[in-house]
Structure formats: structure tokens, C-alpha cells
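One structure is given below, encoded as C-alpha cells.
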Amino acid sequence: MPILALQPWSQFSRADEAATEAPGTLVFQGGAAQPLILRAPSGNGVQELEQTVTIDGTAHPCGAVVRSLSAIAAPRKRGGHVLALDDAPVGLCLDAGARLKPGDMVSITALPAKDQPESEPHAGILCFAAGTQVDTPEGPRRVETLRPGELVMTQDAGAQALVWTGRREVLFARGDNSYRPILLQAGSLGPDRPFRDLVVSPQHHIVLRGPDVAELTGSVQALAPAGALTEMRGVRQMLGKRRITYVHLMLDGHALLLAEGAEAESFYPTPAALAGLSDDQRASVFGHLPALRIAPETAFGPTALPMLDWEAAAALGAARKDNPEAAGQWQIAAE
């Protein structure tokens with residue numbers, strides 16, 4: 001099932017008075033790509049949205065037909081397409097793995113697109129590496145041994161039953177570093193946090209705490225994507241890793257699990273996270289919570305803690321690296 005990364009029109013500007021989707025040059029202002037999960041139900045090549053999505057304030061229903069209009073040319077010899085949902089142009093999709101930087105100039109050509117953009121690899125993978133031990137009422141268990149209905153311990157609500165688990169094998173091609181796992185060495189988050197090396201996907205969120213977190217979020221605890229913290233001491237991307245097994249653990253709501261002694265999130269089914277699942281896994285999650293197809297941004301409820309975006313988490317991690325003498329301030333007791 002294809003997964004496309006859409007850059008909506010609101011992330012671009014142009015100097016002339018023409019409509020955004022008209023041939024000409026756009027300037028990328030910045031912003032995260034929005035994942036679009038597609039399906040081809042009829043088997044005749046027509047692709048549709050798998051979920052309802054809201055783009056620049058307009059809702060597009062599950063089943064909206066996805067079409068490529070004009071071809072585009074982007075910096076660094078990248079290509080892509082103007083994308084439309086039910087004939088309404090909604091933004092640009094670059095080919096798989098390509099990303100724009102603020103200030104990049106993109107040319108929309110007068111040539112029609114010949115096909116769809118290439119799909120994203122490993123989009124939105126959010127999970128633990130197999131072998132990670134999480135706390136349960138009976139003691140630590142390896143994540144790959146846990147099954148739906150079994151109990152895990154959460155920081156905020158005690159013992160909770162798993163409602164869904166998933167497993168995914170990922171092979172990394174040469175140069176494919178965006179989704180290689182992140183290693184948080186023992187003690188990298190504070191004394192005994194984690195008490196043993198912890199390996200997660202880059203988009204998996206772990207708990208940070210301290211006055212610097214409170215300045216950003218108003219809370220002394222927040223969740224940060226692990227991949228944004230590689231400037232911190234003891235945190236690095238495993239660039240030599242060629243393959244890995246990732247495991248998802250989902251509860252009825254977002255919660256904090258204890259993984260190797262560090263607090264890390266349970267699976268939160270955002271559109272990006274759902275895009276990282278296999279077709280069968282996504283169908284299983286939708287079967288448990290059908291509302292995710294209609295209201296993917298809200299159906300699962302709130303996050304367990306405030307969330308730091310990638311940029312804010314990276315700046316915080318870099319500041320901690322540059323100010324090691326203040327490390328004691330960050331280790332505020334969870335109570």
C-alpha cells in the first residue's frame with residue numbers, strides 16, 4: 001500500500017499573483033510532510049485515501065481519489081508531482097525519501113505527471129526493538145513475547161491490558177539512515193535511566209524531564225522523539241545496523257511504559273504511525289478502533305504527556321550536551 005509524504009500549499013510562497021498550483025516557481029517556507037495512506041480497492045490502478053485527512057483546513061474523506069497532475073522539479077535533482085484529491089490540488093509530493101529545506105525553490109512544470117510519486121520507505125515507524133524488556137505485573141518481559149490481553153505496567157495508570165501488538169522486520173539499504181534505530185545507552189537519561197541499553201525507532205518518543213522541559217511545555221515531563229536527541233551524551237543512531245525487528249505495543253489509550261527502566265510511550269496511532277504499518281496490521285488496528293479512519297487526529301484521545309516536536313527536542317538535546325554541569329537539574333523525580 002503506497003504511502004506518500006505531502007507538502008501542503010500553505011508551506012509554500014510565490015512572488016507572482018498566480019494560483020499556487022499553476023506552472024511557475026514556489027519557495028518552500030518549511031513544515032513537516034503530511035503522510036497520506038493510499039489504497040487501490042478496484043485493482044484497476046485508481047488509488048484512494050485510506051483515511052480521512054485534513055489539509056490546510058479542508059477535510060478530504062476516506063475514499064477520495066488521488067491523482068498526480070503536473071510534474072515538479074526540486075533542488076538536488078529531485079522530482080515529484082502536484083497532487084490532487086478528488087480533482088482539488090492540495091500540494092506537492094516529492095519522490096520517496098526526498099525532503100525540502102526552507103528556502104528551496106520548486107518549479108511546477110506545464111508537463112502532466114506520468115505516474116504517482118514514489119512511495120515512502122519505513123514511514124512513521126514507531127516502536128521498540130525486539131529484545132527490549134518492559135515491566136509487567138509479573139516482572140520484565142521481552143516485547144516480542146507479549147500478546148493482546150496481557151498486562152503491562154504503565155507509569156500513569158498501573159497495570160493495563162494490551163489491545164494490539166505488531167511486529168515488523170526492516171532491512172536498511174546503503175545510505176538509508178533516516179529510519180535506522182536509536183541507541184540510548186544505560187544512564188543517558190539519568191541515573192539508571194535506562195538501566196540497560198535501550199533501542200527504539202527514531203520516531204519513538206521517550207520521556208525527558210527537567211526545568212528546560214518545563215520552559216518549553218509548562219510541564220517538568222514531556223515526550224521527545226529519540227532520533228532528535230543524538231546530540232545528547234550516550235544517545236546515537238546505529239548507522240551500522242543492517243536489519244532490525246521492531247515491535248509495537250498498543251493500549252486502549254496512550255500511556256508511558258517502563259522499558260529497560262526508562263519511560264517510553266506505547267503505540268500512538270497517528271496518521272504517520274499508521275502509515276508505517278503493514279496493510280494487515282493497519283486493518284487490525286482499524287478493526288479495533290474504526291473511528292481512526294474518520295477522525296485519525298482525535299479518535300485515540302490525548303497523549304500521555306506534552307509532546308516536543310523534532311526541532312525543539314533537537315535544540316534541547318544540543319543544549320544539554322553543551323551544559324553537562326547542569327545535568328543534576330534534569331533528573332527530577334517522577335513524583
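The main-chain N or O of Leu292 is found under 3.5 Å from a side-chain atom of Gln51 such that the two form a donor-acceptor pair. The backbone N or O of Ser10 lies less than 3.5 Å from no partner atom in the side chain of Gln29, so there is not a single donor-acceptor pair. Looking at Ser201, its side chain does come within 3.5 Å of a backbone N or O of Cys127 through a donor-acceptor pair. Listed for the Gln237 side chain is a donor-acceptor partner under 3.5 Å among the backbone atoms of Arg180. Between the side chain of Thr136 and the main chain of Gly139, a donor-acceptor pair closer than 3.5 Å is present. Side chain of Gln11 to main chain of Ala32: a donor-acceptor pair is present (N/O by atom type, distance under 3.5 Å, no hydrogens or angles). Distance alone, capped at 3.5 Å, is enough to place a donor-acceptor pair between the Thr154 side chain and the Gly158 backbone. Of the possible polar contacts, none joining the Ser219 side chain to the Ala222 backbone as a donor-acceptor pair under 3.5 Å is found. Judged by distance alone, with hydrogens and angles left aside, the side-chain atoms of Gln185 form no donor-acceptor pair with the main-chain N or O of Arg236 at under 3.5 Å. For Arg14 (side chain) and Ala22 (main-chain N/O), a donor-acceptor pair under 3.5 Å exists by modelled atom type.
Once rounded to the nearest 0.5 Å, the distance linking CD of Glu311 with CG of Leu316 reads 12.5 Å. Of the inter-residue distances, the one linking Leu6 atom CG with Ile55 atom CD1 reads 5.0 Å to the nearest 0.5 angstrom. We find the CD-CG distance between Glu50 and Leu36 to be 12.0 Å, quoted to the nearest 0.5 Å. Atoms CD and CG, on Gln221 and Asp156 in that order, are 9.5 Å from each other to the nearest 0.5 Å.
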Checklist entry - Can you check salt bridge (charged side-chain N to carboxylate O under 4.0 Å, His left out) on Arg78 and Asp95, steps first, answer last? => result CA-CA 7 Å; Arg78 295 170 175 172; Asp95 289 335; over 6 Å; no
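By the 4.5 Å heavy-atom criterion applied to side chains, Met250 and Ser266 are not counted as neighbours. You'll find the side chain of Glu263 reaches within 4.5 Å of the side chain of Leu258, heavy atoms only. At least one side-chain heavy atom of His288 sits less than 4.5 Å from a side-chain heavy atom of Asp252.
Residue Arg76 qualifies as enclosed at atom CZ: its count of foreign heavy atoms under 6.0 Å is above 12.
Ring orientation note: the planes of Phe300 and Tyr268 are nearly perpendicular, at an angle over 60° on the 30°/60° scale. Under the 30°/60° scheme for interplanar angles, the aromatic rings of Phe267 and Trp164 are found to be tilted. Phe128 and His204 have tilted rings, their planes meeting at an angle from 30° to 60° on a 0 to 90° scale.
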